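Note that this is a predicted model, so its numbers are computed, not measured. Naming: A, B, ... by sequence-line order, numbering from 1 per chain.
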Amino acid sequence: MPEIPKTYEANKYEDGIYKLWEESGFFNPDNLKLPKNAKNYSIVMPPPNVTGVLHMGSAMMLAVEDLLIRYNRMQGKRTVWIPGTDHASIATQNRVEKDLKKEGLDRHILGKKEFLKRVEKFALDSQKTIIKQAKKMGSSCDWSRLAYTMDETRSCAVKNVFKLMYDDGLIYRGKRIVNWCPRCHSTLANDEVEYETQKTKIYTFKYDANFPFLISTTRPETKLGDTAVAVNPKDERYKKFIGQKIKANFVGIPLELEIISDRGVDMNFGTGALGVTPAHSMVDWKMAQKNKLRIIEVIDESAKIKESFGKFSGKSVAEARDEIVEELKKRGLLEKEDEIENNLSVCYRCSTPIEPLPSLQWFVDVNKKINKFKGKSIKETCFQAVKKGVFGNKPIKIIPKRFEKNYFTWMDNLEDWCVSRQIWFGHKLPVWYKDEEIYVGVKSPKGNNWTQDEDTLDTWFSSGLWTFSTMAKKPEDISIEKGKIKIDTKDFKNFHPTAILETMYDILFFWVARMIIMTTYGIGDIPFQDVYLHGCVRDKFGDKMSKSKPETNIDPLDVCDKYGTDAVRLSLLIGTTPGNDLKIYEEKIQNLRNFVTKIWNIYRYCIFSSPTFILTSDVRKEDLKSLSDKWIVSQLNNVISEVSIDLENYKFSLAGEKLQKFTWDELASWYLEIHKLEKNDKVLGYLLDKVLKLWHPFMPFVTEKIWQDAYKTKFKVRPLKFSRSNPGKMLMVEKWPVSDKKLIDKKAEKEFQDLQEMIGKIRNIRSSYHIDPRKIINAYSNKILNKEIIEKLARVKFSDPKGQKDRPLESGIDMVSGNSKIVLDIAESIDIEKEKKNLEKEIANLENLISKIECLLNNKNFLASAPREIVGNNKIKLNEYREKIKSQKELLKNIAKL
RNA sequence: GGGUCUGUAGCUCAGUUGGUUAGAGUGCGUCGUUGACAUCGACGAGGUCUGCAGUUCGAGUCUGCACAGACCCACCA
């Protein structure tokens, strides 16, 4: 008999199992002999940023997607999971800059070329780490299709899409007010700006002594660029000034201010009059457009005051503010300063305050009507893709549904998307300039004197193409044909649109919506049929996990090592619902580790119980001998269909719970116990076979390990060899079980459940009288006992020794050796009252004694503080006591019998 | 300011289209096990389903309001 350890030692086997899978080549569907008409199933992995390492959120993503992939692969579909990484331009550049700072360098000292080399190296190293970690999680993705948003093929896709958009007039260049990060020295998209509430001063002042009324501002330094003052048209105080142009000398700088009316002005805020600075405020910019105001730029790209503002020029924004306030005070123009709370816009990457300023940038026009969308805009088309469906597809389904609403409102309010960034690391714009000429193309233009635009593209531009760009194998696969992007590969035909996009809800707008935009436009098709959004993985206290909080932060690799990857995966899959955050902590993982141990021990029992144990894929009705066989097999087939339906509907947690209930409460607790007395190895082999298959997508390692071992035992070959021509004995590519209706036996289920219930009642007193429920079932199965007798047994009542409640009680029966009929007669003939009194007295004494000892020993403080030796000794003592008590109880029982 | 979500046992959460006595896991208490299972089993305690009102024969579930919390969007001169 093989030596099997009592617990599953995850970290001993996992790497080996992964290697076995990987070497089989079956992560790649091309290596599986599938029928031509096999259905296709594809997921494109949300590419982790190359900035860092795997965190619990990525582990969640991998667990869910691998579950889906393994389930569908086992269903015989042509299944592929395409992995990749994202260059994450701003984030990665910042990360490398931080490292440089430690060396006392910065990117300008290094120069662009050297800097980019370093970034590339960093990205490559990081990618290696990410791959290693994804493998540790058991991810069954096809590494031969690995993609990177900056590799040659993906870059080619980016250029093609950019050109296509430019030619369609969807991409334009213009000077517009943008969010500028003075530290990153780049623009930011609207949704890359975050807000922080802060306390700040609001100043109420006059531009100069002659100006007719007061205005309020939190940013006096921008007032150098004011070209108008806006008031509410209904405001009686200022009505008479509307339309006037007033000259003013503002702290030494001459201004010409037009008084305009705008309904957006709040009469009750400040003085009700607002100084309009078109160049440095989003709202003011829009007013300036409407009223054709002059635009005066005050602040430059380093957040310093520009030339021609006298003594303020060259000063930083903060310095200029102080000096202007000082100057106003000096001139007696400052009426008052109050403290208020407002929102400061900051860069989402580096938290530096944003300066809105006008800049020449590239934009995607989301409102332009385009012919190929039947005269509809991108915005309208993408709205319909989820609402009604486009291009003959069903509507894209967002799970959970409530996020659809968010999507619609976002899409509705979408404004032109600024795609150019002044970041070094990223896709360079495929745009060249010569004098006044502009050339946009996939390849650089012929002829001299062309210079390429120095800007790079927003990182979401390339990740927006992800579902189809990953389907190309080489740049030549990508071309523009009939106003669309053409990807000329088998993968594209087979796998696009992908089945599902799975990601965390926080990038619904950043990424998911952008993918819908870019794909509907570029390919003329939807990128995916379903969107599954998982929640945020949080710590015990509900806070976001972060390395800066090491006491609650969980590194997935640490816990995988400690408890096994399977337990970690289960902890992320069970007890969670889509779109809702989940709290995770070690105890949770530990509990699920116990379940993995349970499965392991089910297998261990199988091997111990029968030296000839083998897994069986099928069982016939004739093979089911006892009632318990019929019951468990029937239950199993119910579970198979329920779990399959749940998985189809993305109810992973529910499926897991049902499986857990079946495995633990029905298979292990009942069937295995009965099996000890009456063996049916064929049924046992069948049950384990199915249980392993059902659990495999949830916990691939332990199930594969057991599967392998079971076959090793059978064939006595070590190690078993697998080849592409012989995929048979690898669980990963086994067929997913199908529920066999013929094996569902409602009658047997009902009969067994009744029995369970009755035994449950008898069981209540099992602890005192050592009645083994297995024996009752066994006796029933062998027709020693019939249902009526068992029912009677369940009804026989004695008073509980503690006098709490009436409990069914049966005295001293040995079900197997004894004749149950006689036993029952004894039970019925007992003088209940007399028996009660005698027993009560004796038992009360005993219970008292026991509780005293147990109390002492179960005292946690005592156990925790005491050295192990002492606790050990006391345990021995306890056992001595128990022995004594036991023998006394036996005595009592005998008395009772007489 | 606009919107979304959440509130169920000490803790973490399920609860499908309204339908018997509101569930699971964990924790706690008691007892029993140590020959598949550094475990496991049985039993027990623990809930005004945040509150109020409404619809209904019937509400954890639907509606309205209130309270508490989380998040998203817009944005404050």
- Message: Side chains of A:Tyr505 and A:Asp581 only: does a donor on one sit below 3.5 Å from an acceptor on the other?
- Response: yes

- Are the charged groups of A:Glu355 and A:Arg219 less than 4.0 angstrom apart, N to O? yes

- Item | Short N-O contact, A:Arg237 and A:Asp235, less than 4.0 angstrom | yes

- Query: Can you tell me how far C1' of B:G3 sits from CE of A:Met411, to the nearest Å?
  - Reply: 18 Å

- Message: Nearest whole Å is fine: how far is B:C40 P from A:Tyr605 OH?
- Response: 18 Å

- Task: Name the orientation class of the two ring planes belonging to A:Tyr207 and A:Phe250 (parallel below 30°, tilted from 30 to 60°, perpendicular beyond 60°).
- Result: perpendicular

- Message: Students often mix this up, so state it plainly: with edges at 30° and 60°, are the rings of A:Phe241 and A:Tyr238 parallel, tilted or perpendicular?
- Response: tilted

Going by purine N1 to pyrimidine N3 plus the second Watson-Crick contact, or the G-U wobble pair, all under 3.5 Å, which nucleotide sits opposite [N]?
{"N": "B:U33", "result": "none"}
{"N": "B:G44", "result": "B:C28"}
{"N": "B:G18", "result": "none"}
{"N": "B:C62", "result": "B:G54"}
{"N": "B:G1", "result": "B:C73"}
{"N": "B:G7", "result": "B:C67"}

Just compare [options] and give me whichever is closest to any side-chain atom of [X].
{"X": "A:Tyr585", "options": "B:A36, B:C72, B:U12", "result": "B:U12"}
{"X": "A:Thr597", "options": "B:C37, B:U16, B:U12", "result": "B:C37"}
{"X": "A:Phe608", "options": "B:A36, B:C72, B:U39", "result": "B:A36"}
{"X": "A:Leu654", "options": "B:A14, B:A38, B:A77", "result": "B:A14"}
{"X": "A:Asn591", "options": "B:A36, B:U26, B:C5", "result": "B:U26"}
{"X": "A:Phe509", "options": "B:C72, B:U39, B:A14", "result": "B:C72"}
{"X": "A:Lys6", "options": "B:U12, B:C37, B:C73", "result": "B:C37"}
{"X": "A:Trp664", "options": "B:C40, B:A77, B:A36", "result": "B:C40"}
{"X": "A:Lys583", "options": "B:U4, B:A77, B:C13", "result": "B:C13"}
{"X": "A:Asn594", "options": "B:A36, B:C40, B:U4", "result": "B:C40"}

- Query: A:Ser345 near the nucleic acid: base, sugar-phosphate alone, or nothing, with a heavy-atom cut-off under 4.0 Å?
  - Reply: nothing

Per-pair distances, 0.1 Å, donor-acceptor, side chain in residues 644-651 of chain A, under 3.5 Å, sequence neighbours excluded:
{"from": "A:Ser644", "atom 1": "OG", "to": "A:Ile640", "atom 2": "O", "distance (Å)": "2.7"}
{"from": "A:Ser644", "atom 1": "OG", "to": "A:Trp736", "atom 2": "NE1", "distance (Å)": "3.0"}
{"from": "A:Asp646", "atom 1": "OD2", "to": "A:Lys658", "atom 2": "NZ", "distance (Å)": "2.9"}
{"from": "A:Glu648", "atom 1": "OE2", "to": "A:Tyr71", "atom 2": "OH", "distance (Å)": "2.7"}
{"from": "A:Asn649", "atom 1": "ND2", "to": "A:Ile645", "atom 2": "O", "distance (Å)": "3.2"}
{"from": "A:Tyr650", "atom 1": "OH", "to": "A:Asp530", "atom 2": "OD2", "distance (Å)": "2.7"}

Distance check, [atom1] atoms only: [N] and [M], in whole angstrom units.
{"N": "B:U26", "M": "B:A45", "atom1": "C1'", "value": "16 Å"}
{"N": "B:U34", "M": "B:A38", "atom1": "C1'", "value": "11 Å"}
{"N": "B:U63", "M": "B:U6", "atom1": "P", "value": "12 Å"}
{"N": "B:C11", "M": "B:C37", "atom1": "C1'", "value": "26 Å"}

- Task: Report yes or no: is there a donor-acceptor pair, N or O only, under 3.5 Å between the side chain of A:Lys598 and the base of B:C37?
- Result: yes

- OP1 or OP2 of B:C71 less than 4.0 angstrom from a side-chain nitrogen or oxygen of A:Asn580, does that happen here? no

- Quick one: is A:Thr218 getting a side-chain N or O under 4.0 Å of the B:A77 phosphate, OP1 or OP2? yes

